[in-house]
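Here's the structure we're looking at; comments come further down.
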Amino acid sequence: MSKVKLRIDIVCAVPQSLDSFISTSIVGRAQKSGQVEIVVHNLHDYASDKYKHIDDTPYGGGAGMIIMCEPVFACIDRLKSEREYDEIIYLTPDGIPLKQHVCNELSTLRNIILLAGHYKGIDQRIRDLLITREISVGDYVLTGGELAAAVLTDAVVRLIPGVVGDAESVLDDSFMEGMLDSPHYTKPVLFRGLSVPDVLVGGNHALIKKWRTEQSELKTKERRPDLLDNIETGE
Ligand code: ADE
């Protein structure tokens, strides 16, 4: 198997929440076979006080705790002293929404840090001084950035050649052409009164391709008309 291509360092407050994601699933296998290296860092290991605090109350008042600069800088400065990073990404609901083209781009890089927030947020100076990109995985708020980091990692790692068995299946995914995927069927031909569309069992590949494109367009028009506007801009 080829050498490690992509290294992802995930810096977070609750590393245990990533255990099953990293050890099972396709990502776990990709790690074992050396196509990707994922290293999780616990911010509490970089706390400077004996109680391992990594957060404090916000200046100006308000609810929630803010992750402090010190442990984040201690961890990320150490990583940066060991290798060069292409991107240092902060996962946050107020980031730029994650899109397939961003995953494609990230999958070609060599070293990435993902910083997962927790509590109310992180000190703005971390964002100003360390972070190169801020990404949201959707318009909803998770309890922590770990799940968001897992989502991003999964979406990126599966694009590395050889990680998903069938390269074509990755290329055919929803969003790859800027459109949603067409419907899929497998055996049997008839199930509970519903048949597989004739064209898919007819063996005419040109017609099948045409049907799939039409179905993709129909579904995209109905569910995500915004995607059609983006096709021209490549976003
Ligand atoms: N942390 C909490 N919610 C998030 C979201 N929607 N995207 C990225 N990081 C988050």
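Just so we're clear, the structure is a prediction, and the values are computed from it rather than from any experiment. We count ligands from 1, going down the list as the structure has it; atoms in each ligand are counted the same way. By convention here, the first residue in the shown sequence is residue 1.
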Verdict with reasoning, Asp94 to Arg127, per salt bridge (Lys or Arg N to Asp or Glu O under 4.0 Å)
CA-CA 12 Å; Asp94 61 3; Arg127 301 169 77 154; 2.9 Å; yes
For Arg223, does the CZ atom have more than 12 heavy-atom neighbours from other residues, nucleotides or ligands under 6.0 Å away?
no
Interatomic distance, Thr132 atom OG1 to Glu87 atom CD [nearest 0.5 angstrom]
3.5 Å
Output, or 'none' if empty, a list of ligand 1-protein atom pairs in which both atoms are N or O and the distance is under 3.5 Å, rounded to 0.1 Å.
| residue | atom | partner | partner atom | Å |
| --- | --- | --- | --- | --- |
| ligand 1 | 3 (N) | Leu142 | N | 2.9 |
| ligand 1 | 6 (N) | Gly138 | O | 3.1 |
| ligand 1 | 6 (N) | Tyr140 | O | 2.8 |
| ligand 1 | 7 (N) | Val137 | N | 3.0 |
| ligand 1 | 9 (N) | Thr92 | N | 3.1 |

Consider only side-chain N and O atoms of Arg110 and Tyr85, and report whether a donor and an acceptor are under 3.5 Å apart.
no
Would Asp86 and Arg7 pass as an ion pair if we require N to O under 4.0 Å?
no
May I ask you to say whether Glu217 pairs ionically with Lys221, meaning some side-chain N is under 4.0 Å from a carboxylate O?
no
